[in-house]
Amino acid sequence: MFFRGGGIMVMMPKQFPKNFESSKYETKIYRQWERSGSFRPVSKKDGSPFCIIMPPPNANESLHAGHARFVTIEDVLIRYHRMKGDKTLWLPGADHAGIETQYVFEKKLAKEGKSRFDFDRETLYRMIWDYVAANRGDMENQLRALGASCDWERNTFTLDRKIIALVYRTFLQLHRDGLLYRGKRIVNYCPRCGTNLSQLEVDSVERTDTLYYLDYGPVKIATTRPETIFADVAVAIHPTSKGKQDLLEQQAIIPLTGKRIPIIEDSLVDPLFGTGALKITPGHDAIDFAVGKKHNLEAITVIDGAGRMTNVPDAYKGMKADQARAAVVGDLEKSGLLLKTEPITHVVGVCYKHQSLIEPMLSEQWFIKMKPLAEKAMKAIKNKEVVFPVRRFEKISYHWLKNIEDWNISRQIVWGMRIPAWQCAHCQEWIVTDGKKPVRCVSCKGADLHQDTDTFDTWFSSGQWPFATLLTQSLSKSKPSSNDFKQFYPTSVMETGYDILFFWVLRMIMIGLYSTGKVPFKTVVLHGLVRDIRGVKMSKSKGNAINPLEMIGRYGADALRMSLVWGGLIENDINFDEQKIKGQRNFANKIWNIGRLLAINTDDSKTRAAVRNKTVHDRRIMKQLAVTVQTATRAIESYKLNIAAEILYEFVWHQFADVYLESIKKKTETGEVYIPQPSLGIAHSVFRDILKALHPFMPFVTEAMWQRMSYGKKTMLIAESWPKYKTKS
RNA sequence: GGGCGUUUAGCUCAGUGGCAGAGCGUCUCGUUUACACCGAGAAGGUCGUAGGUUCAAUCCCUACAACGCCCACCA
């Protein structure tokens, strides 16, 4: 028997607005879902656990189009699995975003005429904490506006005490396992951020600079950085250089100071570049550092953390590095030691965030040995313990893991987790703990211990996010389901932008495997970036960023969501086009009006009289529905969300509305439209399944319609079950 | 220097070893008691180029080109 909407009722057109006014429903419906506890994981008979840990957005920033895309994709998966009957958990969170947040806060301080140096560490930390706490609600409300059906009772912040405790535990464990070390290395120091950055946080840009040819006595060298000559400790030539033996017996002379340094040979030198001789400056260049180490040379620092000259002749002391370059070049010219100059186009490192020039600097930092961790990750990928449905991401991941380098995890900022390591003032020994201050030095028993002032790279803690969030849930006694970790780990899907594949996803796999012995998630689904209509990456500074809330206000959350998955594969970049949202707003309205047509004609006294047999149209629409739902189901299961969205759109609009409803629509003598039975019943039955199948994509209009039609009696659509059709044999 | 991706209608993009698809845009017509946030229809493509495999290639293979992205220690 076919379901007939809401029994006997006559709905006057006036009571049923012609357009779906999204803003009238969205907030109300979301609150209804949230209050009813629909976002909590619930066990059904044959459901299996399904869990996504949300990539925590920066607690301090508003959401942009990229967030809207991930929310849509993840919410589609979550709602689908929930309807399928799986025990479904989507765990939300917020990220403290160390460097970025501190930078934003410092800009704010600067506006007030202050700087971070005006405050002690604790005060500064507290100020940033309050600042973030005040802004955090905005981001969370934006997630709600987008319809994210995540479990707010499990909402977690990356700086929650329990999370910090777990991160410290991992750090200590790495130390005990010999995977952690403190080393003096060339690091990428960003003078603007006031901290060093990992290799990943440094971008390369091509620049044209001047190449200076300098007279070093018996040899000539070419350099782009004449201000660093005071840190030179040798000049290297290639082993096949002409007159090598002769040169090796002599000494090179640093211009201006006259200091004598050895001439050495090393195959790293390119004999065809410049003069074929390379000045070795281990204190300010990574290659030189490597060469210096090989030849047992000292590393001299001549630029300090503020980017000023130090440890140089008085004439240059205190100058900024670029001023010093001009001064040095001028003096070289005067003394005739500048042989010639030529322009050179080369690649330099810049800060990924501000594009400011990176200063390679010698510094002592905490490092994690990555090779052993990466090997386990590669094995897990090979064994398909973690699957990349889009093959190219697996290839890229594997390649990166194979060539991985040690990870510098200490940052010179206060906003973040302070590193739980103390140095003994007496014997200089470092003591690592799980967060508690040690009483005495383990080696000399000294009691004068000082905690490291650095904090962890944010990615070090977020690399532990999947197990940390689930474990801290388990530690909570107040919550009914205190075994989240046991139930949901490894999680089902990790969904995030491909731009943080290396930063985050692969590190989660490595640390997850290390800490728990298991991969943190079984499937990695990556989405492409949202660009502007011309294909340019969106950013606030370019002014081409779109505000999701504005789009929601204009077209509704459903329309925005659909537009972000419709018309392109999720793994590819998309160009954001407002026309597309508009089209989906029209679609939401179409759904609304299908409901309106069915509702205003549900008059039994009229339709009962016209009962007849099923027609070709009736039978065809039933079949098309079955095929559509099956295809959509398969598409969602294989993360081809665009296919699912598109086929549902096509079916609803062009098969159901344009063809079927038109074919069954009748008019009375007075011109009133009505639909006779059994077609009306069939139409209702098809429409019910349409609402269900579209619900993951367009949760608001479908829920609003579901309730309006009283399809579920007292249940909400969010809690309904996914339509099932037997696969054709 | 290595790697990856893209190239299909005016635009944005799906897709398949067997008549080339969607949305938007354009044009024509229609309806105005489900929806103008509507309907019916039309125009528009040598599926980047050149070879190869095949009965058959937009799809598979090879080379090339253009564009884009990622990685990399030539000062």
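The chains referred to below are lettered A, B, ... by the order of the sequence lines, with proteins before strands, and numbering in each begins at 1. What you see below is based on every heavy atom in this structure, not just the backbone, and it leaves out hydrogens, waters and symmetry mates.
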Report, one line per pair, each donor and acceptor closer than 3.5 Å where one atom sits in a side chain of residues 262-269 of chain A; sequence neighbours left out.
{"from": "Glu265(A)", "atom 1": "OE1", "to": "Lys244(A)", "atom 2": "NZ", "distance (Å)": "3.2"}
{"from": "Asp266(A)", "atom 1": "OD1", "to": "Leu268(A)", "atom 2": "N", "distance (Å)": "2.8"}
{"from": "Asp266(A)", "atom 1": "OD1", "to": "Lys294(A)", "atom 2": "NZ", "distance (Å)": "3.4"}
{"from": "Asp266(A)", "atom 1": "OD2", "to": "Lys294(A)", "atom 2": "NZ", "distance (Å)": "3.1"}
{"from": "Asp266(A)", "atom 1": "OD2", "to": "His295(A)", "atom 2": "NE2", "distance (Å)": "2.9"}

Integer angstrom distance from the [atom1] of [N] to that of [M]:
N: G15(B); M: A20(B); atom1: C1'; answer: 10 Å
N: C59(B); M: U16(B); atom1: P; answer: 13 Å
N: U62(B); M: U53(B); atom1: C1'; answer: 11 Å
N: A14(B); M: U6(B); atom1: P; answer: 9 Å
N: G5(B); M: A9(B); atom1: C1'; answer: 23 Å
N: C64(B); M: G3(B); atom1: P; answer: 12 Å
N: U49(B); M: C70(B); atom1: C1'; answer: 27 Å
N: U8(B); M: C60(B); atom1: P; answer: 15 Å

query: So which one's nearest nucleotide on RNA chain B is more toward 5', Trp566(A) or Gln199(A)?
result: Trp566(A)
- prompt: Would you call Lys582(A) and Glu578(A) a salt bridge, taking side-chain N to carboxylate O under 4.0 Å as the test?
  reply: no
query: Reckon His654(A) has a side-chain N or O less than 4.0 Å from the OP1 or OP2 of G23(B)?
result: yes
query: Can a side chain N or O of Lys18(A) be found less than 4.0 Å away from OP1 or OP2 on C35(B)?
result: yes
- request: Please tell me which of the listed nucleotides, A14(B), G39(B), A34(B), lies nearest to the side chain of Asn642(A)?
  value: A14(B)
- request: Please list residues of residues 582-593 of chain A whose heavy atoms come under 4.0 Å from any atom in RNA chain B, ordered by number; otherwise none.
  value: Arg585(A), Asn586(A), Asn589(A), Lys590(A), Asn593(A)
statement: Residues of residues 496-510 of chain A with a heavy atom under 4.0 Å from any atom of RNA chain B, listed by number, are Phe502(A)
query: Excluding sequence neighbours, so at least two apart, what forms side-chain contact (heavy atoms from CB on, under 4.5 Å) with Asp499(A)?
result: Leu529(A)
statement: The side-chain contact (heavy atoms from CB on, under 4.5 Å) partners of Glu21(A) (sequence neighbours excluded) come to Pro17(A), Lys24(A)
Using atom [atom1] of [X] as one end and atom [atom2] of [N] as the other, report the distance to the nearest whole Å.
X: Glu646(A); N: G21(B); atom1: CD; atom2: P; result: 16 Å
X: Lys402(A); N: G3(B); atom1: NZ; atom2: P; result: 12 Å
X: Ile396(A); N: G68(B); atom1: CD1; atom2: C1'; result: 13 Å
X: Glu578(A); N: G25(B); atom1: CD; atom2: C1'; result: 16 Å
X: Phe656(A); N: A34(B); atom1: CZ; atom2: C1'; result: 12 Å
X: His346(A); N: C74(B); atom1: NE2; atom2: P; result: 12 Å

With sequence neighbours left out, write down each residue that passes salt bridge (charged side-chain N to carboxylate O under 4.0 Å, His left out) with [X], or none if nothing qualifies.
X: Lys184(A); value: none
X: Glu637(A); value: Lys84(A)
X: Arg185(A); value: none
X: Glu571(A); value: none

message: With hydrogens left out and only the distance checked, is there a donor-acceptor pair under 3.5 Å joining Lys665(A)'s side chain and the base of A34(B)?
response: yes
query: Is a donor-acceptor contact shorter than 3.5 angstrom present between the side chain of Glu662(A) and the base of A40(B)?
result: no
- request: Looking at every strand, decide which applies to Ala657(A) at a 4.0 Å heavy-atom threshold: base, sugar-phosphate, or nothing.
  value: base
task: List for me each residue that meets side-chain hydrogen bond (donor to acceptor under 3.5 Å, both in side chains) alongside Asp658(A), sequence neighbours excluded, and say none if there are none.
output: His654(A)
task: Can you tell me which stems involve RNA chain B, if a stem is defined as three or more consecutive Watson-Crick or G-U wobble pairs, both distances under 3.5 Å?
output: B:1-7 with B:65-71, B:10-13 with B:21-24, B:26-30 with B:38-42, B:48-52 with B:60-64
task: Mind jotting down which residue pairs meet the side chain to side chain donor-acceptor pair (under 3.5 Å) criterion with at least one end in residues 214-224 of chain A? Sequence neighbours excluded, please.
output: Tyr216(A)-Asp232(A)
message: So does Trp592(A) get a backbone contact from the side chain of Arg596(A), meaning a donor-acceptor N/O pair under 3.5 Å?
response: no
